[in-house]
Amino acid sequence: MRGSWAERHVRRPMERLTEPFRDWVSRLGSVTAALIWINVVVFLVQLVCEFVRWPVFERVFALSGAGLQSFFFWQPVTYMFLHGGLFHILINLLILWFLGREVEYFIGPKYFTRLYLLGGVMGAALWLAFNYHAPAHVVGASAAVLACAIAFATLFPDREITLLLFFVLPVTIKAKYLAWGLVALDVVPLLQHATTGVAHLAHLGGALLGYLYIKQLGYGPQPRWLRWWERMTDRLKPRRRLGVRARRVSEREMTPDEFIREKVDPILDKIAREGIHSLTRAERKILESAKDYLRKR
């Protein structure tokens, strides 16, 4: 029998479970478009429930400590598809459409889906850490969308973006400065202890996840603390550590031309065949280290 136990009993059932969603995404053209449609449909259901004065929908699917205490364990996922009003959903979906498509194209639909969902879940976790016993509840895709926006800025920090300030005045700004501005909009009210009715902690949780996820995928230079964390986790895996060290030694002994020929060229061929989003984390790291070898040539 071919394949490991995990492949037979975990991967294949999961593929069958997600196959309808993947088929639907292929018809719509992208995960970004699918997420937008899901948010719109759920928002329409919300409006109907409000019109008939049926508050059970938000009580069951919005995020709250009371909901989790009532065993509504799906709330950290479902809350990100609900919204507090037309302006709320409009801003979120505009950001998702203009920035999410680029991120999805670059890292691929599978990783983009994980980025979006994990961003929302991370936002829920950070908000709950400080508000588990509070009577408030949270709705909105802002944490997930902010994860996508920070991911965009991490991938393309110097890309210029033109925004319509107050929907009228065009302003051009680099993605990295936009990211800092979005984060500041949540940090400043928290430092001032301002009561804004906005779940700033959830937004910051999504932003943090967006940055860490892109770095974990191997895009761009990794910060020193993240490299330290990887070295610490490598020590917990002694069997793999020897192989990694031996590989690093062999790479250091290569000449720049040998490194490009044996390590980089196969990756470039793979990009030409399957696209850049098909690369593994290790392959992205090789491309990043190739810059040093090119300087030596």
Side-chain angles (χ1 to χ4, degrees), residues 25 28-40 80 83-120 122-123 140-190 196 198-200 202-223 271 275-277 279 284 287-288:
V25 168
L28 291 175
S30 67
V31 172
T32 305
L35 290 171
I36 288 174
W37 274 108
I38 293 172
N39 277 283
V40 169
M80 69 182 83
H83 285 86
L86 182 60
F87 184 76
H88 189 196
I89 188 173
L90 181 63
I91 291 297
N92 278 335
L93 296 191
L94 283 174
I95 296 174
L96 179 61
W97 177 249
F98 287 110
L99 301 184
R101 290 181 301 166
E102 289 282 336
V103 177
E104 180 184 355
Y105 176 78
F106 200 78
I107 68 175
K110 179 178 71 173
Y111 293 117
F112 179 74
T113 304
R114 293 176 183 176
L115 168 70
Y116 185 90
L117 295 177
L118 290 175
M122 181 69 171
S142 300
V145 170
L146 196 55
C148 298
I150 299 303
F152 180 93
T154 306
L155 288 168
F156 318 110
D158 295 315
R159 177 83 63 88
E160 291 188 342
I161 303 173
T162 300
L163 307 173
L164 286 178
L165 192 62
F166 304 114
F167 296 99
V168 177
L169 183 64
V171 176
T172 301
I173 186 174
K174 288 187 176 181
K176 59 185 176 183
Y177 300 134
L178 174 63
W180 281 113
L182 292 174
V183 170
L185 289 176
D186 291 305
V187 171
V188 172
L190 287 175
T196 61
V198 177
H200 297 292
H203 296 181
L204 292 177
L208 178 63
L209 189 282
Y211 174 78
L212 292 178
Y213 190 75
I214 293 301
K215 290 301 181 181
Q216 189 274 335
L217 287 178
Y219 290 108
Q222 290 187 317
I271 293 175
I276 194 169
H277 56 77
L279 298 183
R284 296 188 190 101
L287 286 182
E288 191 66 31

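Remember, predicted model here, so these are calculated numbers, not experimental data.
With a 4.5 Å cut-off on side-chain heavy atoms, Val198 and Leu185 do not count as touching. In this structure, Leu35 and Phe112 have side chains that are in contact, with non-hydrogen atoms separated by less than 4.5 Å. Side-chain atoms of Val145 and Ile91, non-hydrogen and from C-beta on, never get closer than 4.5 Å to each other. Counting heavy atoms from C-beta on, the side chains of Asn39 and Leu93 come closer than 4.5 Å. A heavy-atom distance below 4.5 Å is not found between the side chains of Leu178 and Phe152.
When all heavy atoms of Ala144 and Met80 are compared, the pair lying nearest together is CB-SD, 4.3 Å. In plain terms, the two heavy atoms of Ala151 and Leu115 that are nearest each other are CB-CD2, 3.7 Å. Across Ala143 and Gly119, no two heavy atoms sit closer than the pair CB-O, 3.8 Å. When all heavy atoms of Ala153 and Ala175 are compared, the pair lying nearest together is CB-O, 3.5 Å. Of all heavy-atom pairs spanning Ala207 and Ile150, the tightest one is O-CG2, 3.5 Å.
The aromatic rings of His200 and His203 sit perpendicular, their planes meeting at an angle over 60°, well past the 30° parallel limit. Using cut-offs of 30° and 60° for the angle between ring planes, the His88 and His83 rings count as perpendicular.
To the nearest 0.5 angstrom, Phe156 atom CZ is 8.5 Å from Ile214 atom CD1. How far CD1 of Ile95 is from SG of Cys148: 10.0 Å, rounded to the nearest 0.5 Å. Here CG of Leu190 is found 8.0 Å from OG1 of Thr196. Values are rounded to the nearest 0.5 Å. The CG atom of Leu182 sits 10.5 Å away from the OG atom of Ser142 when rounded to the nearest 0.5 Å. In this structure, Glu160 CD and Tyr177 OH are separated by 10.5 Å, a value rounded to the nearest 0.5 Å. If you take CG on Leu155 and OH on Tyr105, they are separated by 13.5 Å, rounding to the nearest 0.5 Å.
Looking at Glu104, its side chain does come within 3.5 Å of a backbone N or O of Val31 through a donor-acceptor pair.
Judged as a salt bridge (Lys or Arg N to Asp or Glu O under 4.0 Å), not a single pair has a partner in residues 29-39 (not counting sequence neighbours).
Under the salt bridge (Lys or Arg N to Asp or Glu O under 4.0 Å) criterion, Arg159 pairs with Glu102, sequence neighbours left out.
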Note to self: Applying side chain to side chain contact (heavy atoms under 4.5 Å, CB included) to Tyr116 and Leu96, what does each step give before you reach the verdict?
What the structure shows: CA-CA 10 Å; Tyr116 185 90; Leu96 179 61; 4.1 Å; yes
